[in-house]
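For reference, the structure discussed in these notes is given below.
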Amino acid sequence: MIIYDLIFYLFAALTIVSAFFVVTLRNIVYSAFFLLFTFLGVTGLYVLLAADFIAIVQLVVYVGGILILLLFGVMLTNRITNVQVKSGTFQILPAVIGVGIFTGILVATMTNTKWRVLESEIPVTTVYNIGTLLLQDYVVVFELLGILLLVALIGAASMARR
Amino acid sequence: MNVGLNHFLIVSTILFSFGIFGIVTRKNAVMVLMGIELILNAANINFVAFARYGSFGYNGQVMALFVIVLAAAEAAIALAILLNIYKTFTTVNVDEIDRMKE
């Protein structure tokens, strides 16, 4: 299990360090590119948690879709001709104090709670079970999400071209 | 100490805190959106971790799928709103947008 631990720490470090750069760098384009590494790290964590389908969906939807959308947002809402695409910051010190206290409380709660951990064996593939659940227990939610995506698509297109 | 449920929970907690920090401190609205994406990712890690270590079967992974779908819809809508704001105010800094009507 030592290799598993090493890979976990690698991906956790990748996720956390790049998330730190996302929220502290002043250039928005650099932040967007570090967000890419955060998403890749989270994908690795999903693979370590034996959720292969979620990992692939995370890669396709977040890295291929949402990140590109955010980059479009950066480009369309700044005068890109000046190279300095900066984002100002404010209230740094109160935010550091408040978020620090909040994080301490959350971490203490997570580590002090006696979670009931089930030592199940690692599943070979999850796609079959997820598909069965989606089309049996969650079929109404599944269809509603389809309608929601359609409405979001139409709404975003009509709002953006007004 | 072997990597277990707690390690994943702590990683997701730190990710969540960075998301909150980004939302609170950045002025640019696109950066606020990135903070929201970080928070949604942290929640997703929790869902998948409890699906792996808990006794809920695959329900946690299905919930993570739903969250990813909602994040995609939210990003598209928020970007459309941002474009309209930029057209009206010629800025997307959240501290300068202080009027509800033109």
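To find a chain, count down the sequence lines: A is the first, B the second, and so on, and within it residues start at 1.
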(message) I need the A/L134 CG to B/F66 CZ distance, nearest 0.5 Å.
(response) 5.0 Å
(message) Do A/F11 and B/V11 have side chains that approach each other closer than 4.5 Å (heavy atoms only, starting at C-beta)?
(response) no
(request) Sort B/V69 into side chain, backbone, both or neither according to what part of it lies under 4.5 angstrom from a heavy atom of chain A. (result) both
(message) Do B/L79 and A/L70 have side chains that approach each other closer than 4.5 Å (heavy atoms only, starting at C-beta)?
(response) no
(request) Answer yes or no: does atom OH of A/Y4 have more than 12 heavy-atom neighbours from other residues, nucleotides or ligands under 6.0 Å? (result) yes
(request) Answer yes or no: is there a side-chain heavy-atom contact under 4.5 Å between A/V23 and B/L38? (result) yes
(request) Could you grab the distance from atom CE of A/M159 to atom CG of B/L82, nearest 0.5 Å is fine? (result) 10.5 Å
(request) Start with the C-alpha gap between A/F53 and B/Q61, add the side-chain angles, then the distance that decides, and say whether side-chain contact (heavy atoms from CB on, under 4.5 Å) holds. (result) CA-CA 9 Å; A/F53 183 65; B/Q61 296 197 14; 5.6 Å; no
(message) How close do A/V99 and B/S17 get, counting heavy atoms only, and between which atoms?
(response) CG1-O, 3.6 Å
(request) Name the region of A/L35, side chain, backbone, both or neither, that has any atom closer than 4.5 Å to a heavy atom of chain B. (result) side chain
(request) Using non-hydrogen atoms and a 4.5 Å limit, figure out which bit of A/F20 sits close to chain B: side chain, backbone, both or neither. (result) both
(request) Look up atom OH in A/Y46 and atom CZ in B/F47, then write down how far apart they are to the nearest 0.5 Å. (result) 10.5 Å
(request) Select one option (side chain, backbone, both, neither) describing which atoms of B/A78 are under 4.5 Å from chain A's heavy atoms. (result) neither
(request) Answer with side chain, backbone, both or neither: which region of A/I154 has an atom nearer than 4.5 Å to a non-hydrogen atom of chain B? (result) neither
(request) Over all heavy atoms of both residues, which pair between B/M31 and A/I28 is shortest? Give the atoms and the distance, please. (result) SD-CG2, 3.8 Å
(request) State, yes or no, whether a side-chain contact exists between B/L15 and A/T38 at a heavy-atom distance under 4.5 Å. (result) yes
(request) Please flag which part of A/I16 lies under 4.5 Å from any non-hydrogen atom of chain B: side chain, backbone, both or neither. (result) both
(request) Count the heavy atoms belonging to other residues, nucleotides or ligands that lie under 6.0 Å from CZ of A/F37, then report whether that count exceeds 12. (result) no
(request) Below 4.5 Å from any heavy atom of chain A, which atoms of B/N41 appear? Answer side chain, backbone, both or neither. (result) both
(message) To the nearest 0.5 Å, what is the distance between OG1 on B/T13 and CE on A/M110?
(response) 4.0 Å
(message) Is any side-chain heavy atom of B/F16 closer than 4.5 Å to one of A/T103?
(response) no
(message) Looking at A/R116 and B/G54, would you say the former's side chain and the latter's main chain have a donor-acceptor pair under 3.5 Å?
(response) no
(request) Show your reasoning for whether side-chain contact (heavy atoms from CB on, under 4.5 Å) applies to B/L40 and A/Y62. (result) CA-CA 11 Å; B/L40 289 174; A/Y62 269 101; 3.9 Å; yes
(request) Output the option from A/I130, A/T132, A/L67 having the highest count of non-hydrogen pairs under 4.5 Å with chain B. (result) A/I130
(request) Under 4.5 Å heavy-atom distance to chain A, tell me which part of B/L5 shows up: side chain, backbone, both or neither. (result) side chain
(message) Name the residue from B/V67, B/N44, B/L65 that meets the side chain to side chain contact (heavy atoms under 4.5 Å, CB included) definition with A/I54.
(response) B/L65
(message) Given heavy-atom pairs under 4.5 angstrom as the criterion, report whether the side chain, backbone, both or neither of A/L69 touches chain B.
(response) both
(request) Give the C-alpha distance, both sets of side-chain angles, the deciding distance and a yes or no for side-chain contact (heavy atoms from CB on, under 4.5 Å) between A/L76 and B/Y86. (result) CA-CA 9 Å; A/L76 289 175; B/Y86 184 68; over 6 Å; no
(message) Quick check: is A/I97 connected to A/I92 through a chain of hydrophobic side chains (ILVMFWY, heavy atoms under 4.5 Å apart)?
(response) no
(request) Calculate, to the nearest 0.5 Å, the distance between atoms CD1 and CG belonging to B/I45 and A/L45 respectively. (result) 5.0 Å
(request) Could you tell me whether B/F89 atom CZ has more than 12 heavy atoms of other residues or ligands within 6.0 Å of it? (result) yes
(message) Measuring only between side-chain heavy atoms, which start at C-beta, is B/F18 closer than 4.5 Å to A/V22?
(response) no
(message) Does any backbone or side-chain atom of A/A32 lie under 4.5 Å from a heavy atom of chain B? Answer side chain, backbone, both or neither.
(response) both
(request) Let me know if A/V96 has heavy atoms under 4.5 Å from chain B in its side chain, its backbone, both or neither. (result) both
(request) Over all heavy atoms of both residues, which pair between B/R26 and A/R26 is shortest? Give the atoms and the distance, please. (result) NH2-CA, 3.7 Å
(message) Using heavy-atom distances under 4.5 Å, tell me whether A/L49 contacts chain B through its side chain, its backbone, both, or neither.
(response) both
(message) Using every non-hydrogen atom in the two residues, find where B/T25 and A/A95 come nearest and quote the distance to one decimal.
(response) CG2-CB, 3.3 Å
(message) Measuring only between side-chain heavy atoms, which start at C-beta, is A/L145 closer than 4.5 Å to B/L70?
(response) yes
(message) Please classify the contact of A/V61 with chain B as side chain, backbone, both or neither, using a heavy-atom distance under 4.5 Å.
(response) side chain
(message) Using every non-hydrogen atom in the two residues, find where A/A51 and B/V48 come nearest and quote the distance to one decimal.
(response) CB-CG1, 3.6 Å
(message) Does any backbone or side-chain atom of A/S31 lie under 4.5 Å from a heavy atom of chain B? Answer side chain, backbone, both or neither.
(response) both
(request) Enter the distance from A/Y9:OH to B/H7:NE2 here, rounded to the nearest 0.5 Å. (result) 3.5 Å
(request) Pick whichever of A/T126, A/L148, A/L153 has the most heavy-atom pairs under 4.5 Å with chain B. (result) A/T126
(message) Please check if the number of heavy atoms outside A/I3 that lie under 6.0 Å from its CD1 is greater than 12.
(response) no
